[in-house]
Number of protein chains: 2
Amino acid sequence: MTIGIKDVARRAGVSPATVSRVLGHGPVSAELRDRVEAAVRATGYRPNLSARRLRSQHSRTIGLIVSDIRNPFFTALSRAVEDAAYQSDMRVVLCNTDENPEREAMYLRLMQEERITGLIFAPTKATAERLDHTLLDFPVVLVDRAGPPGRHDCVVIDNPLACGALIEHLWEQGYRRIGGIFGNTSSTAVERHEGYRAAMAARGLEADVRFVAPNAEAAEAETARWLRTPGRPEALIGSNGQVLLGMVKALRNAGLGMPDDMGLAGFDNETWTELVGPGLTVVEQPVLDIGRTAMMMLFERLSVPDLQPRKVVLTGRLIVRGSTTRR
Amino acid sequence: MTIGIKDVARRAGVSPATVSRVLGHGPVSAELRDRVEAAVRATGYRPNLSARRLRSQHSRTIGLIVSDIRNPFFTALSRAVEDAAYQSDMRVVLCNTDENPEREAMYLRLMQEERITGLIFAPTKATAERLDHTLLDFPVVLVDRAGPPGRHDCVVIDNPLACGALIEHLWEQGYRRIGGIFGNTSSTAVERHEGYRAAMAARGLEADVRFVAPNAEAAEAETARWLRTPGRPEALIGSNGQVLLGMVKALRNAGLGMPDDMGLAGFDNETWTELVGPGLTVVEQPVLDIGRTAMMMLFERLSVPDLQPRKVVLTGRLIVRGSTTRR
DNA sequence: AATGCCACTGAAAACGTTTTCTGTAAATGC
DNA sequence: GCATTTACAGAAAACGTTTTCAGTGGCATT
């Protein structure tokens with residue numbers, strides 16, 4: 001049916017082995033190499049990757065499991081990973097879990113069946129804790145979210161530090177009653193929450209928080225509810241870009257202006273954050289670096305499998321905009 | 001090394017063929033089926049997809065090639081495609097071309113090597129014209145962008161109509177000198193440009209357009225330049241979400257307010273469009289429908305290969321917001 | 001009691017490659 | 001000038017499945 005390496009071989013008057021060697025940089029004389037290359041062009045031959053992977057026993061594929069590809073943080077991440085992968089002549093298979101542990105399990109199974117060479121993974125808290133690298137036959141690099149210490153390689157940002165910077169900035173701007181809305185599925189939100197709590201406590205301020213599913217709809221609903229309760233905060237922080245987006249919508253619907261009616265700050269320097277109202281104060285995460293670093297760590301682990309698990313901590317950058325600067 | 005179907009077979013005391021049949025819904029007695037299933041669980045067996053694909057000669061994989069995964073239109077599309085695919089127990093392999101024909105060619109090659117069962121593709125003008133389904137051994141559905149008429153299945157929106165609605169609305173709001181910024185790589189931008197031109201001509205208005213690479217940076221630069229020239233328009237339209245984003249930034253930098261200093265409208269109802277300034281007037285595309293329809297068409301074509309190429313035209317929805325309502 | 005059919009099972013071939021193993025001729029070392 | 005290495009080429013095995021082919025035994029039909 002479709003043309004295979006044998007057809008090319010016949011046409012070039014050589015054995016299939018020789019064709020394979022030409023394609024795979026084996027030792028072949030110049031003359032035969034020319035003949036084979038001509039035959040490849042003439043026949044329009046395309047290698048069958050399934051056969052190649054089966055025989056050679058490596059898939060040259062890396063898996064990338066994220067919680068939501070519609071979140072710009074993860075799309076940027078996936079671009080970084082993909083670009084790095086293709087430079088090493090590797091494919092990427094990308095999956096969305098919607099923060100759903102069942103889907104995470106299903107995709108982990110898929111990754112095993114694909115016999116991927118390595119995985120980059122942003123897991124929910126639940127599976128991060130359960131995740132056992134001894135059951136997986138490929139290395140894993142956790143990204144954006146850490147698991148239990150010392151179990152997996154991971155690359156994250158310093159969330160407590162970043163949250164501290166956020167609170168310090170709000171404090172300097174004169175905000176005192178500062179509330180927070182945090183996601184309820186990721187270890188990252190937990191860390192940010194702890195950073196928030198510590199920074200508040202250090203200044204003798206009282207913490208006031210809500211937890212929501214980390215998407216805009218949930219965050220908007222929760223914020224709207226909060227705004228209607230008496231004694232609401234003077235400023236709010238949101239634990240990621242999607243949450244922040246929901247909060248902005250709620251403020252807008254409530255007719256509250258930033259920074260005076262309410263200060264607002266959060267995480268992820270998404271394109272729209274500089275455009276909305278007076279601009280949103282955010283902590284920018286070095287997404288591209290996170291992606292590239294994750295790939296590097298993966299490759300290192302592949303070449304030296306029994307390295308100690310390493311944790312790389314990058315740092316976010318505070319971008320101050322009008323949503324929190326009231327004087 | 002890793003456990004295969006033979007190991008399962010040995011453990012269950014049956015032949016590999018029987019195990020395969022249990023896994024693949026073949027006819028097997030209840031007793032053996034139980035033994036095999038127990039053995040599968042006990043061994044933790046995971047099928048090898050490469051081997052399976054090689055032998056069975058179908059990959060159960062559909063390809064999705066888009067121009068930029070960071071564009072929310074395409075991420076939404078990819079979610080729709082992915083969800084539909086997984087419901088039919090198919091995988092998706094997703095690729096970014098950056099509107100670069102070389103990358104398009106490379107990914108088309110990859111798709112052949114993966115022996116995908118079908119492709120959903122948003123091509124640049126250049127490759128849409130060259131694309132020859134007779135050279136590809138899988139069906140293709142073009143999406144968002146049409147090729148030469150009658151060559152491929154495709155699903156698009158009615159761009160001239162949508163552009164007409166935009167111009168009509170601006171006309172009603174009293175705008176007369178209306179300029180447009182259009183992408184220079186896609187057939188979609190061409191259609192929108194033509195729709196704009198026709199709608200302007202129908203009202204005796206003079207067209208005034210610029211073409212840019214369809215990304216925010218290029219659009220911002222071009223808009224900034226345009227704003228500095230004398231006799232600038234009273235309103236502008238942008239041919240997609242990224243272009244629109246760049247235009248907003250340029251207006252903001254120039255200190256021009258909407259809708260009075262400048263009216264602004266365009267395509268793609270991205271999350272931020274309702275948040276920026278008085279809200280942006282946009283044509284919303286039914287992305288989810290586009291994705292689902294594309295998958296449906298692909299499946300239909302797979303079951304009835306020699307259908308005539310069909311073009312499905314959906315319609316956009318005009319969402320009027322403050323950026324163009326000045327009274 | 002012979003025949004045909006059905007439901008199930010195993011042996012073996014097949015999928016399209018890469019890799020190992022074997023062979024040959026030329027080149028090199030003494 | 002002989003032995004040994006080197007450089008290349010082909011035959012055949014192997015990768016882990018699915019599928020074809022050929023039974024086998026039981027049951028129903030004549």
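Order of the sequence lines sets the chain letters (A, B, ...), proteins ahead of strands, with each chain counted from 1.
- Looking at heavy-atom distances under 4.0 Å, B:Arg21 makes contact with a base.
- Atom CG in A:Asp7 sits roughly 13 Å away from atom C1' in C:dT17 (whole-Å rounding).
- Between D:dT17 and B:Gln57, no contact under 4.0 Å exists linking OP1 or OP2 to a side-chain N or O.
- Contact between the side-chain N/O atoms of A:Ser56 and the OP1/OP2 oxygens of C:dT18 is not found at any separation under 4.0 Å.
- Here C:dT19 presents its C1' atom at 11 Å from NE2 of A:His58, a figure rounded to the nearest Å.
- Exactly one residue among B:Arg46, B:Arg53, B:Arg60 makes a salt bridge (Lys or Arg N to Asp or Glu O under 4.0 Å) with A:Glu114. That residue is B:Arg53.
- Heavy-atom distances to DNA chain C give each of B:Ser15 and B:Leu54 a nearest nucleotide, and the one nearer the 5′ end belongs to B:Ser15.
- Taking atom CD of A:Glu31 as the reference point, atom C1' of D:dA7 lies 15 Å away to the nearest angstrom.
- Here the shortest heavy-atom pairing between B:Ile69 and B:Phe74 reads CD1-O, 4.4 Å.
- Note: B:Tyr107 OH to B:Thr127 OG1 = 14.0 Å, rounded to the nearest 0.5 Å.
- Dashed line: the shortest gap from a side-chain N or O of A:Ser29 to OP1 or OP2 of D:dA9 is under 4.0 Å.
- Distance CZ/B:Arg11 to CD1/B:Ile3: 9.5 Å, rounded to 0.5 Å.
- Across all strands, B:Leu32 comes closer than 4.0 Å only to sugar-phosphate atoms, never to a base (heavy-atom distances).
- A sub-4.0 Å separation between OP1 or OP2 of D:dT17 and a side-chain N or O of B:Ser20 is absent.
- For the pair A:Arg10 CZ and D:dG10 P, the interatomic distance rounds to 14 Å; values are reported in whole Å.
- One interatomic measurement links the two molecules: CD of B:Glu114 to P of C:dG16, which rounds to 16 Å at whole-angstrom precision.
- When heavy atoms are screened at a 4.0 angstrom cut-off, A:Arg46 is found touching the sugar-phosphate backbone but no base atom.
- One distance of note links CG of A:Leu110 with CD1 of A:Ile116; it measures 8.5 Å at 0.5 Å rounding.
- Contact of B:Arg55 with D:dT17 (side chain to base): no donor-acceptor pair of N or O atoms is detected under 3.5 Å.
- Proximity of A:Thr18 to the phosphate of D:dG10: a side-chain N or O atom is located under 4.0 Å from OP1 or OP2.
- The distance between atom CD1 of A:Ile5 and atom P of D:dG10, rounded to the nearest whole Å, is 13 Å.
- The side chain of B:Arg52 approaches D:dT17 more closely than any other nucleotide in the set C:dT17, D:dT17, D:dG16.
- Atom CZ in B:Arg35 sits roughly 13 Å away from atom C1' in C:dC8 (whole-Å rounding).
- For the pair A:Leu23 CG and C:dT18 P, the computed distance is 7 Å after rounding to whole Å.
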